[in-house]
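Small disclaimer: the values here were computed from a predicted structure and weren't measured. When reading the values below, keep in mind they use all heavy atoms of this one structure, side chains included, and skip hydrogens, waters and symmetry mates. Letters A, B, ... are given to chains in the order of the sequence lines, protein chains preceding strands, and every chain is numbered from 1.
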Amino acid sequence: MNIKEIEKKWQDYWLKNKSFEAFNNSEKEKYYILVEFPYPSGSGLHVGHVKSYTALDSMARVKRMLGYNVLFPMGWDAFGAPAEQYAIQNKIHPKKAVEENIQTFKKQIQSLGISFDWSREFSTTDPEYYKWTQWQFLKFYEQGMAYKAEKEINWCPRCKTGLSNEDAEGGVCERCGEKVTKKLKEQWILRMSAYADELIDGLKDTEFIDRVKTAQINWIGRSEGAEVDFKLENTEDVLKVFTTRPDTLYGVTFMVMSPEHEFLKKYEDRIKNLEEVKKYQEYAASKTEIERTDLTKEKTGVKLDGLRAINPVNNESIEIWISDYVLANYGTGAIMAVPAHDDRDYEFAKKFNINIIPVIAKITGTPQDNEKYKESIVAVLHNPKTDKYLSINWHEKGGNLFIGGTKQENEDNISCAVREIEEETGYTNVKYISETFPINHHYYAYNKNQAYEIMATGLLFELVDESKNEPNLDEDEKDNFTVEWKTKEEIESLVKDELHKTVFENLLSPSAFVEDGKMINSNHLNGMTDIKESIQKMIEHLETIGAGKKMVTYRLQDWIFSRQRFWGEPIPMIYCEDCGWVPVPEEELPVLLPDIASYEPTDTGESPLANIEEWVNTPCPKCKKMARRETDTMPNWAGSSWYWLRYMDPNNDKEFVSKDALNYWKMVDYYNGGMEHATRHLLYARFWNQFLYNNGLVTYKEPFKKRVAHGMILGTNGEKMSKSKGNVINPDDMVNLYGADALRTYELFIGDYEKDAAWSENGLKGCKRFLDKVFRLKGKVTDENEYSKDLEILINQTIKKVTDDILTMNFNTAVSALMIMSNKFDEKENITKKDYVTLLHLLNPIAPHITEEINENLGNKALCETVWPTYDESKLQNDTVTMAVSINGKVRGTINVANDSADEEVLKIAKAEDNVKKHLENKEIIKEIVVKNRIVNIVVK
RNA sequence: GCCUCAGUGGCGGAAUUGGUAGACGCACAGGACUUAAAAUCCUGCGGGUGUAAAAGCCCGUACCGGUUCGACUCCGGUUUGAGGCACCA
């Protein structure tokens with residue numbers, strides 16, 4: 001058997017017979033399976049491609065044999081930087097390089113026997129395709145969804161191009177890794193933020209896997225809150241801020257504006273320390289995104305001298321700072337700072353010594369009815385000489401606590417604590433260090449038969465020296481406690497009381513309190529404990545006094561759609577001195593890329609296209625005066641934002657896709673791609689499609705029904721495959737050594753489709769052995785055209801299992817079921833022709849070449865043209881079943897009983913089993929449970 | 001820090017969704033065939049205890065606890081790893 005010849009033979013057969021071409025006007029039910037089309041890079045196909053292509057291929061093959069009209073297309077996403085880079089270096093047209101790469105990819109994919117419909121193949125770089133990408137851009141423009149604006153953009157100094165936020169993740173250029181800087185530039189921008197809510201809502205109409213859905217939702221980053229107006233003192237202006245926590249308005253002690261805030265320019269003359277402010281602005285601008293968002297760096301900022309704001313809820317005058325921890329492009333570019341309840345504000349306030357007002361108290365203990373209210377303190381005394389803490393041990397009456405006491409009238413926290421320390425321990429010379437926010441504690445005093453609610457403050461003191469008076473103890477305190485000095489670790493394990501524990505933790509590591517609690521210091525909100533309610537109440541209040549309203553903000557921003565590159569779709573716009581921006585008339589599309597073999601990037605930040613005068617200069621479509629073309633091109637994501645629509649109708653030169661085709665193919669049923677595209681590509685594509693839908697150009701709002709993501713194939717060492725690590729496996733080599741079928745089988749068998757898995761050539765060899773075994777079984781085949789009696793159940797079970805597993809993407813267990821089946825066949829002297837052909841048929845979607853070949857040798861019609869095997873519901877179970885018998889949940893034996901036996905019958909047989917009998921001796925049976933055909937459990941005492 | 005997912009033999013991974021944990025494959029060990037090798041076939045393979053060999057018994061699905069006749073599966077807590085987001089107010 002020559003594997004190479006066989007594989008080639010069937011690959012040619014399928015092409016010649018158009019075995020996998022889909023029909024547009026079919027009576028059959030449709031099924032649309034899509035895998036992300038690749039960027040045809042110079043390094044060729046990756047074994048990861050093989051996994052996802054094979055997986056979806058096996059699904060497509062099953063669906064076809066089940067009678068569906070399956071659309072399973074392939075194409076090329078071929079615009080992009082690497083091809084351009086290559087072209088600049090080698091002075092050839094990127095079209096050439098792209099064509100070569102496509103040929104390599106195509107040959108590689110075809111050598112795997114993937115059943116793509118090649119009659120629908122296209123590349124995003126085909127003028128017949130990008131004509132329609134341009135056409136759709138004009139639709140965005142017509143609807144006001146594309147606009148040009150001068151924006152501070154992410155700029156890669158090495159690639160000399162603007163990048164979208166998505167391309168500049170983490171502050172580095174996605175392509176070259178260079179640090180991204182800022183640059184002001186006129187850019188075409190798509191109004192994607194307008195679709196933020198629709199993009200969240202639309203997920204309801206899809207069956208994406210959860211981690212993809214959450215990735216999308218996180219990316220959009222919807223957050224609800226309020227816009228609050230702070231009057232700018234002595235002006236007519238208001239400083240607007242966005243906050244998700246309007247309930248903490250009484251805790252605002254300062255405001256922060258981003259260094260780019262417009263008021264800084266507007267009120268320049270009022271700012272007395274303008275020089276300092278300007279210096280800070282420069283400092284902030286000079287930093288890259290990555291430096292600026294480095295979480296470990298200390299907070300920096302400058303207080304504005306001469307500009308203050310008014311808190312609308314209490315009319316207090318508040319200082320204003322500028323700091324780079326407030327971002328210009330989120331919310332309103334300014335915040336109200338509540339240091340008590342926000343980590344960043346807390347850090348800032350600590351650094352610059354700004355007042356902190358708590359407005360939410362942590363609740364400890366359980367609130368009860370009829371509580372008495374008191375205010376009290378918990379004092380922690382630290383001895384710096386021994387680094388130990390003073391604890392009061394109440395022994396069985398309460399264990400280890402700290403010094404506690406109730407505040408007397410007109411007494412402040414510190415004097416109360418000092419008094420209590422002296423009374424209980426005698427120490428007189430202590431130094432105040434710090435205190436916690438108030439804590440709302442609830443407890444029940446059994447000796448007084450009374451419930452208490454206390455507002456407690458924890459205070460930290462240091463022992464200055466050992467000077468001491470005689471403690472002054474109450475009757476109930478005498479002899480009941482001892483004073484002990486303990487280390488931090490001892491305290492942490494000894495002190496169990498929730499209040500005292502909380503105090504100790506907060507004193508030793510102070511931080512903002514960001515959890516739920518009880519509102520304090522907040523006027524009409526005082527006493528409330530539900531954050532949502534407090535927020536609601538505050539928003540209503542703000543609306544009443546006209547100082548704010550409910551507001552929603554998104555992390556998602558508009559899509560910067562301009563790239564200063566040559567190898568992309570030209571943006572079909574013309575700039576005329578008189579008419580402004582004029583769209584290229586539809587009948588003049590496509591705006592073709594010039595056919596020149598030499599491009600140099602410009603230093604002005606413009607696309608290399610700007611240097612090609614004969615292309616740039618063109619008459620204005622409106623007034624016919626000479627004008628200039630837009631030289632920016634579209635981003636790489638443009639072509640992939642609608643390609644699945646084109647597969648429905650790839651040769652249409654009148655429309656981008658016909659209504660007929662749309663109505664027939666509907667949504668993509670299964671869309672597979674990598675997790676790395678779960679946010680960006682998927683979001684762009686959904687946005688694009690929703691826009692087309694809202695303008696009546698497509699019939700479904702959501703383009704993809706199901707989105708699945710394959711796991712990666714890692715190197716043998718468990719690391720990501722890369723040339724530098726030298727762990728790259730070339731699929732061509734594997735096809736040469738073991739054949740395409742073995743490679744396909746192995747990649748499906750390797751494990752959970754969605755999980756990453758390490759490559760193992762031994763595993764591949766095992767799959768090769770399995771296929772060889774299937775081939776050898778041919779020697780046992782008889783002429784009989786019925787199932788072997790003793791295999792009938794197994795065969796029916798396997799048909800069901802393999803069908804279900806492939807269609808639900810459990811490929812590994814489908815392969816395993818086929819292995820079990822062939823092992824059973826192998827145990828037998830003979831198998832019938834029908835047994836064998838069924839095995840071949842079930843294996844065909846996974847290993848199509850060898851199964852077709854053997855099947856043909858048996859004199860049968862090609863499997864891909866034959867109907868998929870069906871199973872008989874009544875033949876999925878044997879007449880007898882093996883049931884486990886357990887006693888008190890432990891399995892003590894197994895019994896064979898007739899299928900669906902009556903419970904009494906089963907119990908009788910179970911109790912007669914030797915080992916079971918032994919375990920039942922001298923025991924009383926309490927309960928008997930029989931689960932049909934599965935297990936018997938007898939509970940004994 | 002927040003969100004999502006996961007943790008099962010030496011390894012990749014099964015487990016009918018609460019019912020005999022470790023299917024299937026790999027690796028390994030022993031054996032058969034062979035002059036030899038490859039290929040193929042047979043046997044064993046979570047740990048412990050036990051036996052001449054079995055049988056049997058105990059432990060075991062990251063850790064602690066709970067629900068249940070019964071938990072890899074459900075609930076609460078802890079921990080480790082992967083991915084996403086991140087000075088987003």
Please state whether the rings of A:Trp321 and A:Phe352 are parallel, tilted or perpendicular, taking 30° and 60° as the class boundaries.
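Geometry flag for A:Phe352 against A:Trp321: tilted rings.
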
Residue that, paired with A:Asn810, satisfies side chain to side chain donor-acceptor pair (under 3.5 Å) out of A:Thr808, A:Thr813, A:Asn812:
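Result for side chain to side chain donor-acceptor pair (under 3.5 Å) with A:Asn810: A:Thr808.
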
When you measure from the side-chain N and O atoms of [X] to the phosphate of [N], is any distance below 4.0 Å, counting only OP1 and OP2?
X        : N      : answer
A:Arg892 : B:rA55 : no
A:His919 : B:rG56 : no
A:Arg680 : B:rG84 : no
A:Thr679 : B:rG84 : no

Heavy atoms only, 4.0 Å cut-off, all strands: where does A:Gly766 land among base, sugar-phosphate and nothing?
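Contact class for A:Gly766: sugar-phosphate only.
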
Reckon A:Lys213 touches a base, only the sugar-phosphate, or nothing at all at heavy-atom distances under 4.0 Å?
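Touches nothing.
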
Which nucleotide in B:rC69, B:rU4, B:rC41 has an atom nearest any side-chain atom of A:Arg776
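The closest nucleotide is B:rC41.
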
Side-chain ion pair, A:Asp247 and A:Lys532, N-O less than 4.0 Å:
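Here A:Asp247 does not pair with A:Lys532 in a salt bridge, since their nearest N and O are not under 4.0 Å apart.
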
Donor-acceptor pair, side chain of A:Ser323 and main chain of A:Thr300, under 3.5 angstrom
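It does hold such a pair.
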
Pairwise N/O distances under 3.5 Å, protein to nucleotides 11-21 of chain B:
| unit_1 | atom_1 | unit_2 | atom_2 | d |
| --- | --- | --- | --- | --- |
| B:rG12 | O2' | A:Ile750 | O | 2.4 |
| B:rG13 | O3' | A:Asn812 | ND2 | 3.3 |
| B:rA14 | OP1 | A:Asn812 | ND2 | 3.1 |
| B:rU16 | O2 | A:Arg934 | NH2 | 3.1 |
| B:rU16 | N3 | A:Arg934 | NE | 3.4 |
| B:rU20 | O4 | A:Thr882 | O | 3.4 |

